[in-house]
Every structure is written in C-alpha cells, then in structure tokens.
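Below: the structure, in structure tokens.
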Protein chains: 2
Amino acid sequence: MNTLAEENYLKAIYHLTENDGNASTNQIASSLNTKASSVTDMLKKLADKALINYTPYQGVNLTPSGEKIALGIIRKHRLWEYFLVEKLNFKWDQVHDLAEEMEHISSEELIDRLDQFMGYPTHDPHGDPIPDCNGRFNTHELKPVSAVTINQCGVISGVRDHSSSFLQYLDKQQLTIGCKIIITDIIEYDHSVVVQTGNKEVQISREVANNLLIAL
Amino acid sequence: MNTLAEENYLKAIYHLTENDGNASTNQIASSLNTKASSVTDMLKKLADKALINYTPYQGVNLTPSGEKIALGIIRKHRLWEYFLVEKLNFKWDQVHDLAEEMEHISSEELIDRLDQFMGYPTHDPHGDPIPDCNGRFNTHELKPVSAVTINQCGVISGVRDHSSSFLQYLDKQQLTIGCKIIITDIIEYDHSVVVQTGNKEVQISREVANNLLIAL
DNA sequence: TTATTTTTTTAGATTAGTCTAAATTTTTTA
DNA sequence: TAAAAAATTTAGACTAATCTAAAAAAATAA
C-alpha cells in the first residue's frame, strides 16, 4: 500500500493533469502547501514505484497504475462527501476537509459497501462525478456560466472552486446544484452576469460566473 | 491534536489499566507489537504532554486528560464498528481492523452526527459499551461463563477475545450477543461447560467459557 | 544477602517526509 | 544569443517513530 503523503501527491498530480499534459514541481508544491524541494524528493520516490512518469525539469504525469490509485482516492473522497451530506446532514461547504481525511481509509470493501448503501450515487454534493469501483465515470460537458451567451439556460451542475466561502456565497444566492437558471444579461463593463433562478434575479461577478458550471 | 501513534499508545494504556493500576513497558510493547525501547521513548513524550503519569521503571497510568482522549478514541472505534455492522452489513468478526483505522478520523462533530444517525447505540457489535460524547458509559457487570454455576442462566453480552477466529467460532455455535443460555453441566475433568442455547446444547472448552461473558 | 534473571532505559542508527540554502538547469528577455 | 530571472534539483539538516545492542535498575532465587 501507499503512504498518506504518496496518496496526496498522486491525487494532486491527477487534478493538475486532468486537462493538460504535465504537472510542474511548483504547481504540485503550491497545491499541497509544501516546498518544491520536498516535491522533487517525492517525485523520485513515486517514479521509482512506477506511479508517475518523471523526467527532471520536465514535470510529471501519472502512469496507468498511478492513475488507478488516484481515481480510487477520488472515488473515496466523493463517496464520503455524499455520505456526510446525505446521511449525516452536513452542508456542502463543510465536507471537503472531512473527506480529505476519510479518503485515506484503505479498505476497498468498505467503500464498495458504502457505495451500495447509498444507492450508487453518480455525483458528489458539489456535482463532481463519482468514479465507480473500476475507476470509470461519465464526464458530461459542463460550461462555466462566464462562457454562456444571453438567453441561454441550463442547470447548475458543478463548481470549480470548492472553498467554503464560495459555496456559502452560492447558498446565500440560492445557486445550488440542480437549479435551473437563465442568463438574462451580461454587463459589458466588468463581465458580470445576471442570471434568473426560479423567481429571483441575481447578479454575479465574472469571477463567480467563471467558477460556476452549468449543463446546457 | 495528537499523532496516530500517540493515540494508539493512549488507547493501549487505557485498556491495560482498565482494571488494575499501572501498565508496564513490556505490556504496552506487546499490545502494540513494538519494542520496549520504543515504548520508553513514547512514554516520555506522553508524560511531557501530561497525558500519562510516568515514573521510570514503575509503569504508567493515564492522567484525566489522557483518559479523556483514550475514551474519545474508544467511542469512535465502537461507533464505527456499530455502523459497519448495522448499516453496511459487515459481520462482527470483520470490523475490528477497519474500525482501528477509522477511530483516528479526528472530527468530533462527525462522530456525534454519526451517533445521532444511528440512534445513540449503547453497545458495539461485540457487546462493549459505547462512551457518550462526554466519555460516560454504563458498565454493567458481566461474568465469564467459566465463573457460573450449573443451572444458572444468562444472556450473552460480551467477549474478552475479539479475534476473528473466536468470533467466527461463536457464530458457528450460535453463541452470539443477545442469546439466552443456560449452563446445564460443567465437566469436572477439563472444566468444559455445557450450555443450552435455544433448542440446542453445545459443549464449550474452558478457554471459550473464559472469553464469553454473560449478564445474569 | 549476594548472584542471576528479567525488565527497563539509554545510546546510537534508520526511515519517511519535510525544510532551508546553495547549485544547476531552463526559460525569458533584452 | 548572452544575461537575467524563474524553476528545479541537490546537499545537508531536522522531527517523529522506530529499531538493535548495551547499560542500568528491579525482581527473583539460591
């Protein structure tokens, strides 16, 4: 098995390389709140274990076995988040740090039973897809609200920023997962977006629009 | 907060001193599968933190704050065991090692919500009492079957040995928590005990009788 | 009550993960 | 394309937790 630190590195590398190709030492360091020199040390270790492809100075990406481990951790994280919200009534802005700890409980059987207990949910409370026991998940195309044109409508289906403060702000504006919204106006001056949700109209900044994802 | 190793030491010391007074270095070492010299090092650290009373060569016991931490861990362990058996349908012989890992999830709020979710259970699947959020629990008097006289009856309410093999054996003999039994005979030669459970009569060895606890 | 055995502690080393500071490589810019 | 800046790696050190081997203390036995 892998240590807690190794698991956290693999997960960070997974997220950093989700879209583009390679994760740099500095990117990893900043996403794990550690120093570049510590990262280099760990990259060597993970490369020795054949979990990442590492060429000095060139950044890294996951090998198939590294990705499998990363997806296993993400699966656990998201299932625990779902459990915390759906069964223990936590709010969606309270569960990230807890799940960060719980994702390292090692048993596969435990997580598969938890999955079954909850009815095989496909998405966590923030709209992120939950990998199944083989690491597979549907990646539906989501767009940031900032990339949508006037009069388009969609369903809020995800966030790019998982911080409590952002999630609490969304709660306050009643912009939560599953809400149907229509983009009614885009302010040219600062790219704020006016969206209609239910009976209410809200104006959100460009930054918020950028971190709020919808399915069209 | 305390490290995982510290928590495990505190828990071990708690269990070793549950009845008598002090835990010795060697007792702690053997209960944690480590060496006496490692134990000495850790005892100094725990004493510095005022979690144990330690006089070199004289063994240790917990201070009130050490006991509070130990009881918190035991509470978590037993609540997770209950969860695993009652909600995820694990067998009582499968949950110990899993709970050993889960007991170190730090959040108090999580465990209190879990407690509520399950309806504030008072005993774990092995019959051990679950401390409440203040560390309090009822300690009902249990007796090993080996200490009971012929024709007495009682309810199976606990075990002294938590190993899978013992628990599986009890399952096979249908000697599980909550079963009403009557001691029908005690073999003088080897102190085996004959017990009647439901419609069946089973003979159990002295060792088994010694590890099986009943409420009279 | 001295000698032997057992228990415990000390001394010194090891491993994982981290750090700072210095050196090196790559990238950017002039 | 050479100099400056940024990114990365190396070197050396630190902490927590462990270990083995040796020393010291306590318990037991002769």
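Numbers restart at 1 for each chain; the letters A, B, ... are given by sequence-line order, proteins then strands.
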With the side chain of B/T25 defined as its heavy atoms from C-beta on, choose the nearest nucleotide among C/dT9, D/dT9, D/dC19. C/dT9
Keeping A/D124 on the side-chain end and A/D128 on the backbone end, is there a donor-acceptor pair under 3.5 Å? yes
Does the separation of the ring centres of A/Y120 and A/Y82 fall below 6.0 angstrom? no
Among C/dT10, D/dT18, D/dT8, which nucleotide sits nearest the side chain of B/K44? C/dT10
Could you tell me the separation between the CD atom of B/Q58 and the C1' atom of C/dT8, rounded to a whole number of Å? 10 Å
Checking contacts here: which listed nucleotide (C/dT20, D/dT18, C/dT9) is nearest the side-chain heavy atoms of A/K35? C/dT20
A/N26 CG to D/dA5 C1', in whole Å, measures 13 Å
Nearest whole angstrom, please: distance from the C1' of D/dT15 to the CD of B/E6. 12 Å
To the nearest angstrom, how far is B/L43 atom CG from C/dT7 atom C1'? 13 Å
Return the nearest nucleotide to the side chain of A/Y57; candidates are C/dT8, D/dT9, C/dT9. D/dT9
When both distances are under 3.5 Å in a Watson-Crick or G-U wobble arrangement, the nucleotide paired with C/dA30 is D/dT1
When rounded to whole Å, the CD1 to P distance for the pair B/I28 and D/dT18 reads 13 Å
Nucleotide nearest B/D41 when distance is taken to its side chain, options C/dC19, D/dC19, C/dT9: D/dC19
Of D/dA16, D/dT18, D/dT8, the nucleotide closest to the side chain of B/T3 is D/dA16
To the closest 0.5 Å, what do you measure between NE2 (B/H104) and CG (B/N8)? 4.0 Å
Does D/dT18 have OP1 or OP2 under 4.0 Å away from a side-chain N or O of B/Y9? yes
So does B/R75 pair up with B/D132, basic N to acidic O under 4.0 Å? no
Centroid separation B/H123 to B/H140 less than 6.0 Å: yes
To the nearest Å, give me how far apart CG (B/L46) and C1' (C/dT9) are. 16 Å
Among C/dT9, C/dT26, C/dT8, the one nearest B/P56 by side-chain distance: C/dT9
Return yes if the base of D/dT20 and the side-chain atoms of B/S37 contain a donor-acceptor N/O pair under 3.5 Å, otherwise no. yes
Which heavy atom of B/S65 sits nearest a heavy atom of B/A50, and at what distance? OG-O, 3.3 Å
Residue closer to the 5' end of DNA chain C, A/M42 versus B/S38 (nearest nucleotide): B/S38
Looking for any heavy atom pair under 4.0 Å, which part of the strands does A/A5 touch: base, sugar-phosphate only, or nothing? sugar-phosphate
Rounding to a whole Å, what distance do you find between B/L4:CG and D/dT18:C1'? 14 Å
Compare side-chain N and O positions of A/S24 against OP1 and OP2 of D/dA7 and report whether any pair is under 4.0 Å apart. no
Counting only side-chain N and O atoms of A/Y54, is one of them less than 4.0 Å from OP1 or OP2 of D/dT8? no
